[in-house]
**Student:** 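Quick one: the structure is below, and I'll ask about it shortly.
Numbers restart at 1 for each chain; the letters A, B, ... are given by sequence-line order, proteins then strands.
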Number of protein chains: 2
Amino acid sequence: MSEDDIADLERLAAHVELPTRAPLFHAGDLARFVYTVTSGTLRLQRDLSDGRRQVIGFAIPGDFIGLSLDETYRFSADALTAVSLCRFDRKDFTSLSHSRQSLLERLHLAATHELTIAQDHMVVLGRRRAEERVAAFVLRWRERLGRINGRSATVGLPMSRQDMADHLGLTIETVSRTMARWMRDRIILDVPGGIRVLDQQRLAAILPD
Amino acid sequence: MSEDDIADLERLAAHVELPTRAPLFHAGDLARFVYTVTSGTLRLQRDLSDGRRQVIGFAIPGDFIGLSLDETYRFSADALTAVSLCRFDRKDFTSLSHSRQSLLERLHLAATHELTIAQDHMVVLGRRRAEERVAAFVLRWRERLGRINGRSATVGLPMSRQDMADHLGLTIETVSRTMARWMRDRIILDVPGGIRVLDQQRLAAILPD
DNA sequence: CGACTATTTGAGCCTGATCAAGACCGGTGG
DNA sequence: CCACCGGTCTTGATCAGGCTCAAATAGTCG
């Protein structure tokens, strides 16, 4: 984005800080704001009335949240770690994007990227077995973090096992057992706040393309 | 869109007609074109190397296909019925969208709409039981068709049972049994090329929000 | 330390998959 | 007209991957 665009955005932006576990918004709330994540990790989820939960995804620095054009948010967003965000009033943001082509392009890029991720995840949810799902998650999460911090064998997992399970359409027990097995097999190593990938080869081999 | 925009688009557009079963493009092909559907239904899918298949979705009139910004298509597209489309060269389309704000807005709208659908479908794939998945599909498909043709109790199903199964992460047998049960229970009626919804109430009641 | 929550581990069960026939249906040609 | 064929769909019987229920263990934060 150009200097001017950034300057214009700065004027509209409000900074928001959330502590761990704090909600940013709830599904169904009036969608007044859009956000970009500056630091930390958020969980995006949809809840069914009977308690079932689908974690749509996780937002990390660089991601937009709430850019759908609905009146209300379609999912809830909660901080998994301390989080800082830039908040924009949707009305301002929309009208700025009308005058600044480059901002709209950036938004559209973000949306299609999200869409690609969502479609990839459909394959995981629809056609992958349990172990493949967990492997897909670990590999992609590592990849995503790598794009921010640089690639590392150590993969931080700020989300709970329950969050992973609800993201992958599994139960917490299945996720736990799968990762326990990998630890016994020296494919991964348990480190505080995450895991270390010891054998990328074997992990990747779990996933047929 | 404005008259001018439409005129500009017309100059770039080529018409494409596909017979039933014809492929439009294959996952991995160089993504030279974007398309909008004029008539008919297409199936969008991803294949795994071992034969498993995920049907990402179905495209009907008004939908864009291939608007992701990747070099190559991320899924294959095939005609389920005879199909007509408008084809645009991606390069032309992109540069036009740079000069015509309104086109980019339209694209962005389409992308976020697709994203919403994808996220809804994640909930279905991740957290719905078999009967709920089929119910969600029938209800949403009916809704989508209704927005084009006007609402009707008769719902055309141009896709095969296998396509439905691969869309819902189920087997053909499960889809078949589920719908057979609904027919016995007079919730739906078998009509050639589709079904007729006899009891919308009970069908909707299968799905907790 | 102690209360609470998250995670791991074990045992048994159930939903939906798999395997296997058989029915249906449209097209084709004798 | 109907026998045949290939594909799609239905139906039945059995199986198993992952879920449920239950309990022990490990973290975490006052």
**Student:** What is the distance from CD of E131(B) to C1' of dC14(C), rounded to the nearest Å?
**Tutor:**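 Roughly 16 Å, once rounded to whole Å.
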**Student:** Distance check needed: dT8(C) C1' versus Q162(A) CD, whole Å only.
**Tutor:**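 Rounded to whole Å, this separation is 14 Å.
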**Student:** Can you measure R127(A) atom CZ to dT18(C) atom P for me and round it to whole angstrom units?
**Tutor:**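 Those two atoms, CZ and P, are 8 Å apart.
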**Student:** With nearest nucleotides of DNA chain C determined for R129(A) and R184(A) from heavy-atom distances, which residue corresponds to the more 5′ nucleotide?
**Tutor:**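 Of the two residues, R184(A) wins.
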**Student:** Taking OP1 and OP2 of dT9(C), is either one under 4.0 Å from a side-chain nitrogen or oxygen of S176(A)?
**Tutor:**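 Indeed not, no polar side-chain atom of S176(A) lies that close.
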**Student:** Regarding R74(A) and D120(B), does a basic nitrogen lie under 4.0 Å from an acidic carboxylate oxygen?
**Tutor:**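 Counted as a salt bridge, because a side-chain N and a carboxylate O are separated by less than 4.0 Å.
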**Student:** Rounded to whole Å, please give me the gap between CZ in R161(B) and C1' in dC25(C).
**Tutor:**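 Roughly 14 Å, once rounded to whole Å.
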**Student:** Quick check on dC19(D): is either OP1 or OP2 less than 4.0 Å from any side-chain nitrogen or oxygen of T174(A)?
**Tutor:**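 Checking dC19(D) against T174(A), a side-chain N or O does come within under 4.0 Å of OP1 or OP2.
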**Student:** Find the distance L170(A):CG to dT15(C):C1' and express it as a whole number of Å.
**Tutor:**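 Distance, rounded to whole Å: 15 Å.
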**Student:** Do the side chains of R52(A) and E132(B) get close enough for a salt bridge, i.e. N-O under 4.0 angstrom?
**Tutor:**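 Between E132(B) and R52(A) there is a salt bridge, with a charged N closer than 4.0 Å to a carboxylate O.
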**Student:** Measure from CE on M159(A) to C1' on dT7(C) and round the result to the nearest Å.
**Tutor:**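 Value for this atom pair: 16 Å.
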**Student:** Is any N or O donor-acceptor pair between the side chain of R133(B) and the base of dT15(C) shorter than 3.5 Å?
**Tutor:**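 There is none.
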**Student:** Between dT18(C) atom C1' and R52(B) atom CZ, what is the distance in whole Å?
**Tutor:**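 Going from R52(B) (CZ) to dT18(C) (C1'), I get 15 Å.
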**Student:** Considering only side-chain heavy atoms of E173(A), which listed nucleotide, dC19(C), dG16(C), dC21(D), is closest?
**Tutor:**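 So the side chain of E173(A) is nearest to dC21(D).
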**Student:** For the pair E173(A) and R177(A), find out whether any cationic side-chain nitrogen is under 4.0 Å from an anionic carboxylate oxygen.
**Tutor:**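 Between R177(A) and E173(A) there is no salt bridge, as every charged N stays at least 4.0 Å from the carboxylate O atoms.
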**Student:** Check whether the side chain of R177(A) and the base of dT20(D) form a donor-acceptor pair under 3.5 Å.
**Tutor:**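 A donor-acceptor contact between them is present.
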**Student:** May I ask you to decide whether R127(B) forms a salt bridge with D166(A), counting only side-chain N to carboxylate O separations under 4.0 Å?
**Tutor:**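 Looking at R127(B) and D166(A), the cut-off is met.
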**Student:** Inspect the contact between D89(B) and K91(B) and indicate whether a charged nitrogen and a carboxylate oxygen are less than 4.0 angstrom apart.
**Tutor:**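 D89(B) and K91(B): not salt-bridged.
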**Student:** Picking from dT7(C), dT20(D), dA20(C), which would you name as closest to the side chain of S160(A)?
**Tutor:**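 Among dT7(C), dT20(D), dA20(C), the one nearest the side chain of S160(A) is dT7(C).
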**Student:** Figure out the CH2/C1' separation between W182(B) and dC9(D), and round it to whole Å.
**Tutor:**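 Computing the W182(B):CH2 to dC9(D):C1' distance gives 17 Å.
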